[in-house]
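One structure below.
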Amino acid sequence: MSTNHFSKSSINFFKELNKNNNRPWFQENKGRYEQVKSESKSFLNTWEERMNEHDLIERSKLFRVYR
């Protein structure tokens with residue numbers, strides 16, 4: 001599944017993360033993070049295909065977001 005946008009659910013996750021950037025909150029919401037991570041990879045793949053300049057695009061790595 002490719003996507004060219006983030007879902008409302010993912011946007012809400014980022015908003016909540018902004019207010020609760022700590023390990024306990026993250027542990028409680030790790031399942032949501034996994035969904036956002038999957039959506040983020042799909043988003044990056046879609047834009048990579050659209051740009052069609054693979055040598056100019058470096059894939060991002062998703063690190064622990066609560067740090």
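Sequence positions, counted from 1, serve as the residue numbers for this chain. Every value quoted in this text rests on a predicted model; they were computed, and no experiment measured them.
For the atom pair CD (E16) and CG (N21), the distance works out to 12.5 Å, reported to the nearest 0.5 Å. Residue Q27 holds its CD atom at 10.5 Å from CG of N22, rounded to the nearest 0.5 Å. Between atom CH2 of residue W25 and atom CG of residue N29 there is a gap of 4.0 Å, rounded to the nearest 0.5 Å. For the atom pair NZ (K15) and CG (N20), the distance works out to 14.0 Å, reported to the nearest 0.5 Å. A distance of 15.5 Å separates NZ of K19 from CZ of F14, quoted to the nearest 0.5 Å. In this structure, CZ in F43 is found 11.0 Å from OG in S10, a value given to the nearest 0.5 Å.
Between S9 and Q35, the side chains place no donor N or O within less than 3.5 Å of an acceptor N or O (distance only, hydrogens not considered).
Between F13 and Y33, the ring planes are tilted. Angles from 30° to 60° get that label.
Put simply, the side chain of N45 gets close to the backbone of K41: a donor and an acceptor are under 3.5 Å apart. At least one donor-acceptor pair closer than 3.5 Å links the side chain of S40 to the backbone N or O of V36.
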